[in-house]
Amino acid sequence: MVLFMFSAQPSQKRSPPPAVKLVQINSMAVSKSQPPETGSVISNLSVNAAEFYPSSYSVDLNNYVDENGGYAFLPEPTLAEYVQDVLNHLTEQPGSFEAEIYQFADVLNNWVTTDDLLKELVELVYQQATSVPNFSYTGARLCNYLSHNLQLNPQNSSFRQLLLKRCQTEFDKRDQAAKGDDATRKHFHAFVLFLGELYLNLEIKATKGQVTRADILQDALKELISALFTNPVDDNLICAVKLLKLTGSVLEDAWKEKGVFYMEEMMQRMKNVVLDADCSRDVKQMLLKLVELRSSNWGRVQAASTFSEATPENDPNYFMNEPTFYTSEGVPFTAADPEYQEKYQELLDREDFFPDYDENGTDLSGSGDTFLDDFDDDEMDPEMEEAYEKFCLESERKKTVNP
C-alpha cells in the first residue's frame, strides 16, 4: 500500500514549498510502539475503506461473480421485464414500430407458451395503453399485430380473446366510472380513448377473407359515449369530443350501412347539453365546433368530378380555386356570384386590361401608341445616370487594385 506523506518544516523565512516524500509503509509493521515521526502528517486513506463506485455504475450488473470467483452470465430477465422494456421503448420511439415488431413477436412466440403467460402479456400491454396517453395509438397497433401473429401451442385462447375480455371488465364499470372522482374518471377516459383506437386499428378477418372492424367495439363505443353524457361534467364532455373526433366519421358510416342513425341522436344530445348542462363556456364551444364538424361531413372533402363532368351543381370544389375580384365600389365577387359575368365585364371595361395591339405592338384602337415604345427609350433619368456612372467608376477601381 502506497501512501502520500507531506513533510511539515516550519520556518520563519520564506522558502520554497515543502517537498513531497513518497513513503511505502507496510501496514503489518506499523504498531503502537513505533509512532510516526514528529511533524509528519498521515493520510486518512485506509485499506479497510469501502469500495467507491460512480453513481452511474451498477455493482450488480458489472460485478456479478460466481462461487469460484469468476464472472458469470447475468440472470435472465422475466417476461414482464422484457415486455415492459419493449413497451417503454415503443412509447419513446413510436417510429421504430415497423422495424422492431417482427423480432418482438418472434421472441414472444418462443416465450409465451401457456395461458398464464399470455394473460400476463395482455395485462402488460393493456396497462401501458391505458396509463400512458401517448401509447394508446401504438398500443392499438401492437394489439392488432399480436392478435394475428402470436400463436399458442396448444391454442386454448388467443391474444384478441383475452384482450377483449380484459376490456369487457373495464367496460362493465362505465356508469360508476363516469360518475366517480377525478382520478377514477381520468382512468376511465384513458380506457375510452384506447378503445376508440382499438376500434380503428383492430382488424377482423371474415370467413370470406375480407377485413372488417369489430362490431362489439362499435356497440361498446356507443354505450361509452352515452355514459359520458349521463354525467355532463367538463372532463367527461371533453373525452366524448375527443372520441367522436377520432371515430365519428367511421362510426357514422358503419351505422348508416346498418340503417341506424345513432349519430343524429348524439348530435341532438350535444345540443341539449349546450343549452341545459352546467358546463364551462369553453366546453360548450367545443361541443358546438364538433356539431359543425359533423355537419361538414367530418371535414372530408368530396372528391372532385372529372373535367368533363365538373359543374357548379355537382362539384362542391368547382369554385374553390377561383380568384376574387372587386367592383368599383370595393365589393368582392367570384365566379360563384350570380352576376359574375356582368361585374367582370364592367371590370374589364373600367381597367382596359387587354387593349388591342397588332403583331408589331401598334395600338389598333387608333391612338397610335405602341406597346413596346417604353422599351425603345435609351435615355436614363438623372438619378439612374448618376448611379450608373458610380457603378462604372467602382468597377474600374477594383480592376486596377486587383488586376
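Taking the side chain as every heavy atom from C-beta outward, Phe159 and His148 never approach each other to under 4.5 Å. Contact of the Met263 side chain with the Lys256 side chain is not registered, since no non-hydrogen atoms from C-beta on lie closer than 4.5 Å. Contact of the Leu121 side chain with the Leu150 side chain is registered, since non-hydrogen atoms from C-beta on lie closer than 4.5 Å. The side-chain heavy atoms of Arg281 and Gln285, taken from C-beta on, include no pair separated by under 4.5 Å. A 4.5 Å side-chain heavy-atom check between Leu142 and Leu87 finds at least one atom pair inside the cut-off. Counting only heavy atoms from C-beta outward, the side chains of Lys173 and Phe188 never approach each other to under 4.5 Å. Here the side chains of Leu237 and Val233 are not in contact, with every heavy-atom distance at 4.5 Å or above.
With sequence neighbours left out, Asn272 forms a side-chain hydrogen bond (donor to acceptor under 3.5 Å, both in side chains) with Gln268. Taking Glu265 as the reference, nothing meets the salt bridge (Lys or Arg N to Asp or Glu O under 4.0 Å) condition, with sequence neighbours excluded. Not a single side-chain hydrogen bond (donor to acceptor under 3.5 Å, both in side chains) links Ser131 to another residue, sequence neighbours left out. In this view, Asp282 satisfies the side-chain hydrogen bond (donor to acceptor under 3.5 Å, both in side chains) rule with no residue, not counting sequence neighbours. Listed by chain and number, the residues in a salt bridge (Lys or Arg N to Asp or Glu O under 4.0 Å) with Asp175 amount to none (sequence neighbours excluded). Partners of Asp276 under the side-chain hydrogen bond (donor to acceptor under 3.5 Å, both in side chains) rule, at least two apart in sequence or in another chain, do not exist in this structure. A search for salt bridge (Lys or Arg N to Asp or Glu O under 4.0 Å) contacts involving Glu292 returns nothing, not counting sequence neighbours. Residues that satisfy the salt bridge (Lys or Arg N to Asp or Glu O under 4.0 Å) test with Arg213, not counting sequence neighbours, are absent from this structure.
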Atom pairs and distances, side-chain donor-acceptor, residues 193-206, under 3.5 Å, sequence neighbours left out:
| residue | atom | partner | partner atom | Å |
| --- | --- | --- | --- | --- |
| Tyr199 | OH | Gln218 | NE2 | 3.3 |
| Asn201 | ND2 | Glu197 | O | 2.8 |

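Residue Glu123 comes nearest to Gln127 through the heavy atom pair OE2-NE2, 2.6 Å, listed as atom of the first residue, atom of the second, then distance. Residue Thr138 comes nearest to Phe97 through the heavy atom pair CG2-CD1, 3.9 Å, listed as atom of the first residue, atom of the second, then distance. The minimum heavy-atom distance between Leu117 and Trp111, with the atom names listed, is CD1-O, 3.4 Å. The two residues Val273 and Lys284 come nearest to each other via the heavy atoms O-CE, 4.4 Å. Between Leu162 and Lys119, the shortest heavy-atom contact is CD1-CG, 3.8 Å. The two residues Ala227 and Ala178 have their closest heavy-atom pair at O-CB, 3.6 Å.
Note that CG of Asn149 and CG of Leu108 are 11.0 Å apart. Values are rounded to the nearest 0.5 Å. Note that CZ of Phe135 is 4.5 Å distant from OG1 of Thr91, once rounded to the nearest 0.5 Å. Between Cys167 atom SG and Leu217 atom CG the span is 7.0 Å, to the nearest 0.5 Å. Considering CG of Asp181 and OG1 of Thr184, their distance stands at 3.5 Å, rounded to 0.5 Å. Rounding to the nearest 0.5 Å places OG1 of Thr113 at 10.5 Å from CG of Leu118. Note: Ile238 CD1 to Leu287 CG = 9.0 Å, rounded to the nearest 0.5 Å.
Applying the ring pair (Phe, Tyr, Trp, His ring centres under 6.0 Å) test to residues at least two apart or on different chains, the pairs with a partner in residues 256-289 are Trp255-Tyr262. The side-chain hydrogen bond (donor to acceptor under 3.5 Å, both in side chains) contacts involving residues 226-240 comprise Arg185-Asp235, His189-Asn236, Ser226-Arg269, Asp234-Ser280, where partners must be two or more places apart or lie in separate chains. Every pair passing side-chain hydrogen bond (donor to acceptor under 3.5 Å, both in side chains) that includes a residue from residues 244-254 is listed here, sequence neighbours excluded: Glu252-Arg294, Glu252-Trp298, Asp253-Arg300.
A donor-acceptor distance shorter than 3.5 angstrom exists from the side chain of Thr169 to the backbone of Lys165, with no hydrogens or angles considered. When atom types are taken as modelled, the side chain of Asn144 and the backbone of Ala140 share no donor-acceptor pair closer than 3.5 angstrom. In terms of modelled atom types and a separation under 3.5 Å, the side chain of Ser158 and the main chain of Gln161 share a donor-acceptor contact.
Within a 6.0 Å radius of CD1 in Ile216, no more than 12 heavy atoms belonging to other residues, nucleotides or ligands are found. Under a cut-off of 6.0 angstrom, the local environment of NZ in Lys390 is sparse, with at most 12 non-hydrogen atoms contributed by other residues, nucleotides or ligands.
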- Query: Does the side-chain hydrogen bond (donor to acceptor under 3.5 Å, both in side chains) test come out yes or no for Asn88 and Glu92, once each step is laid out?
  - Reply: CA-CA 6 Å; Asn88 291 340; Glu92 296 174 358; over 6 Å; no

- How far apart are the C-alpha atoms of Met270 and Leu244, what are their side-chain angles, what is the distance that settles it, and do they pass the side-chain contact (heavy atoms from CB on, under 4.5 Å) test? CA-CA 12 Å; Met270 283 191 184; Leu244 285 172; 3.0 Å; yes

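For the pair Glu98 and Arg141, the salt-bridge criterion is met [side-chain N within less than 4.0 Å of a carboxylate O].
Remark: the Glu100 side chain and the Gln93 side chain contain no N/O donor-acceptor pair separated by less than 3.5 Å.
The aromatic rings of Tyr82 and Phe104 lie tilted to each other, with the angle between the two planes from 30° to 60°.
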